[in-house]
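A short write-up of the structure that comes next.
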Amino acid sequence: MASQGFSVYVGNAPYQTSEDEIGSFFSNVGHVTNVRIVCDRETGRPRGFAFVEFADEAGAQRAVNELNGADFNGRQLRVNLASR
DNA sequence: GATGAGCGG
């Protein structure tokens, strides 16, 4: 089961991080097609996590295997397969 | 001018 797409959940990221920074960081393990930082719709504040979309599933899983727990801007990055 | 949950429209 688990028909998860090529989206990867990125958590524990610094609030001052931009999509370009994340895209460049995840582009090292695969081809990033889109990067989306999740913000609260009601308050407009960043929730502290983002989503990275890959062109291939291999890149997504590679990101989880390589960038999960990696040090990003002084914070340990959390990478996992997205549920959506 | 400020936050820490963790899955977005």
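Letters A, B, ... mirror the listed sequences (proteins, then strands); counts begin at 1.
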Original post:
Using a cut-off of 4.0 Å between protein heavy atoms and nucleotide atoms, how would you tag nucleotides 4-9 of chain B 5' to 3' with B, S and -?
Top reply: BBBBBB
Subject >> Closest non-hydrogen atom pair, Arg78(A) against Asn12(A) >> reply: CG-CB, 3.7 Å
Subject >> Point-to-point distance, once rounded to the nearest 0.5 Å, from CG of Asp71(A) to CG of Leu77(A) >> reply: 9.0 Å
**OP:** Establish whether Val79(A) and Leu81(A) are linked, either directly or via other cluster members, by ILVMFWY side-chain heavy-atom contacts under 4.5 Å.
**Re:** yes
Original post:
Side-chain heavy atoms under 4.5 angstrom apart, residues restricted to Ile, Leu, Val, Met, Phe, Trp, Tyr: same cluster for Val10(A) and Leu67(A)?
Top reply: yes
Contacts under 3.5 angstrom, residues 33-56 of chain A side chains, donor-acceptor by atom type, not counting sequence neighbours:
| from | atom 1 | to | atom 2 | distance (Å) |
| --- | --- | --- | --- | --- |
| Thr33(A) | OG1 | Glu53(A) | O | 3.0 |
| Asp40(A) | OD1 | Glu42(A) | N | 2.8 |
| Asp40(A) | OD1 | Thr43(A) | N | 3.3 |
| Thr43(A) | OG1 | Arg45(A) | N | 3.4 |

Original post:
dG6(B): syn or anti, with syn meaning chi within 90° of zero?
Top reply: syn
